[in-house]
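Below: the structure, in C-alpha cells.
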Amino acid sequence: MNKIHCLVWNEFVHEKSDANVARLYPNGIHGAIAQALEEDERFEVRTATLDSPEQGLDEATLAWADVVLWWGHTAHNLVKDEYVERLHRAITQRGVGLIPLHSGHMSKIFMRLMGTSCDLKWREIGESERIWVVEPSHPIVAGVPETFVLPHEEMYGERFDIPAPDEIILLSWFQGGNVFRSGCTWKRGAGRIFYFRPGHESLPSYYQSEVRQILRNGAAWAARQPGIPSTPYGHQPQPLEKVFPNKEES
Ligand code: ZN
C-alpha cells in the first residue's frame, strides 16, 4: 500500500531562542509532531523549517507531499510570498491537505485560504483546557474520548474570525470561561483543510496521547485523495456531441 506522505513544517524559531522551549522540544516542535505521526505505519514523514532550502517549500517536496502540517507563530512574515503561492496551488489544484496548528491561524497560507482576519482572543496564564468531541462519527476523532483535558494551555477564545467551517469537530472550554472552535474543516478547491488548536510552544501538548491521535487521524483525513488529477483539466475543449449551428443566426 502506498504510504501517506506527511510534511511537517515548523518555523523553528522559539526552540532556538528560548531555553524552556528547547528543553521541552529538543528535536523541535516539528520533531515531536513527526514522532507522533511515525507511530502510524501508514505514514512516511519528512520535516522542513524556515532554514530548509526554499524554506522547505520547493516544488519537489510539495510534489511529494500528500498533507502539510504547519506550525508557525513568530515568523509568519518571513515565509516568502512566492512559496506561499506555491503551497496554495498545491492545496487548491492538486489536493494537498493542510493542517494549520495552534498559532498557524495567522499563517499567510491559512489567512489566504480563509479570506478573513483569522483573529481571535488569547491569554497565557497556564489555565486548563477541556476539549469536547462534537462530531463523534468523524474520522478525525476516531478513538478519541468524548472529552479530555489539557492541564495547561494558552487560551484561544471566540470570536475566531474564520468563515463558517464545513464541519466543527472539536470545541474547547477554558478555565477562565472562554470557548473556542478547536477543530474545524474546510474544502478549498481540491484541498482539505483541518485547523487544530492546541500546541503552544512552551507547553507539552504535543506529547499528550489524545492530541497525537488527532494529529494522526487529521493527517490521514486531510491527505490528498486518490483520483485527483495532478494537472488542471485544461481550457477550450472540443464539444463531446455534434453541435448544430443556431438556424436564426445562419
Ligand atoms: Zn501559543
Side-chain angles (χ1 to χ4, degrees), residues 8-37 47-51 68-79 84 98-114 116-132 148-162 165 168-184 193-215 218-219:
V8 180
W9 192 96
N10 174 23
E11 63 181 22
F12 195 34
V13 174
H14 292 295
E15 297 94 324
K16 293 186 285 191
S17 61
D18 183 325
N20 288 328
V21 179
R23 244 192 317 276
L24 189 56
Y25 291 109
N27 300 314
I29 291 170
H30 52 294
I33 294 167
Q35 188 193 44
L37 297 174
T47 62
T49 71
L50 273 178
D51 304 326
V68 178
L69 296 93
W70 188 279
W71 199 98
H73 176 225
T74 194
H76 295 313
N77 284 334
L78 297 183
V79 182
V84 175
L98 179 72
I99 305 182
L101 296 164
H102 187 60
S103 39
H105 71 95
M106 290 298 275
S107 62
K108 285 182 178 178
I109 184 63
F110 185 62
M111 293 178 70
R112 167 100 198 268
L113 289 161
M114 294 297 107
T116 55
S117 77
C118 299
D119 212 351
L120 46 76
K121 291 182 171 44
W122 57 274
R123 176 175 61 230
E124 198 184 337
I125 56 169
E127 62 203 280
S128 72
E129 171 180 10
R130 177 174 286 282
I131 296 184
W132 287 92
F148 60 97
V149 173
L150 300 172
H152 304 286
E153 252 295 355
E154 179 183 20
M155 185 281 288
Y156 275 11
E158 299 284 349
R159 166 154 167 94
F160 183 17
D161 185 26
I162 45 174
I168 300 171
I169 297 165
L170 301 164
L171 287 181
S172 288
W173 171 88
F174 293 85
Q175 243 175 337
N178 298 79
V179 296
F180 193 75
R181 290 168 288 174
S182 284
C184 301
I193 299 155
F194 169 50
Y195 173 81
F196 184 38
R197 199 215 73 84
H200 186 63
E201 66 274 6
S202 64
L203 298 166
S205 298
Y206 289 129
Y207 296 115
Q208 190 159 330
S209 63
E210 298 92 341
V211 170
R212 290 163 83 88
Q213 182 69 46
I214 291 169
L215 290 171

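As the structure lists them, so they are numbered: ligands from 1, and atoms in each ligand from 1. Position 1 is the first residue of the sequence; numbering continues from there. This one's a predicted model, so the numbers in the text were calculated from it and none came from an experiment. FYI, side chains are in, hydrogens and waters are out, and symmetry mates aren't considered; it's all heavy atoms of this structure.
- For Thr116 and Asp161, the side-chain atoms include no donor-acceptor pair closer than 3.5 Å.
- Of the possible donor and acceptor atoms, none in the side chain of Arg130 sits under 3.5 Å from a partner among the backbone N and O of Ser172.
- Distances from the Zn ion (ligand 1) to each N, O or S atom of Glu154 single out OE1 as the nearest.
- Between the side chain of Ser103 and the backbone N or O of Gly72 there is at least one donor-acceptor pair closer than 3.5 Å.
- With the Zn ion (ligand 1) as the vertex, atom NE2 of His102 and atom ND1 of His200 span an angle of 120° (nearest 10 degrees).
- Within the 2.8 Å limit, Glu201 places no N, O or S atom next to the Zn ion (ligand 1).
- Although no hydrogens or angles enter the test, the distance criterion places no donor-acceptor pair under 3.5 Å between the side chain of Glu15 and the main chain of Asn27.
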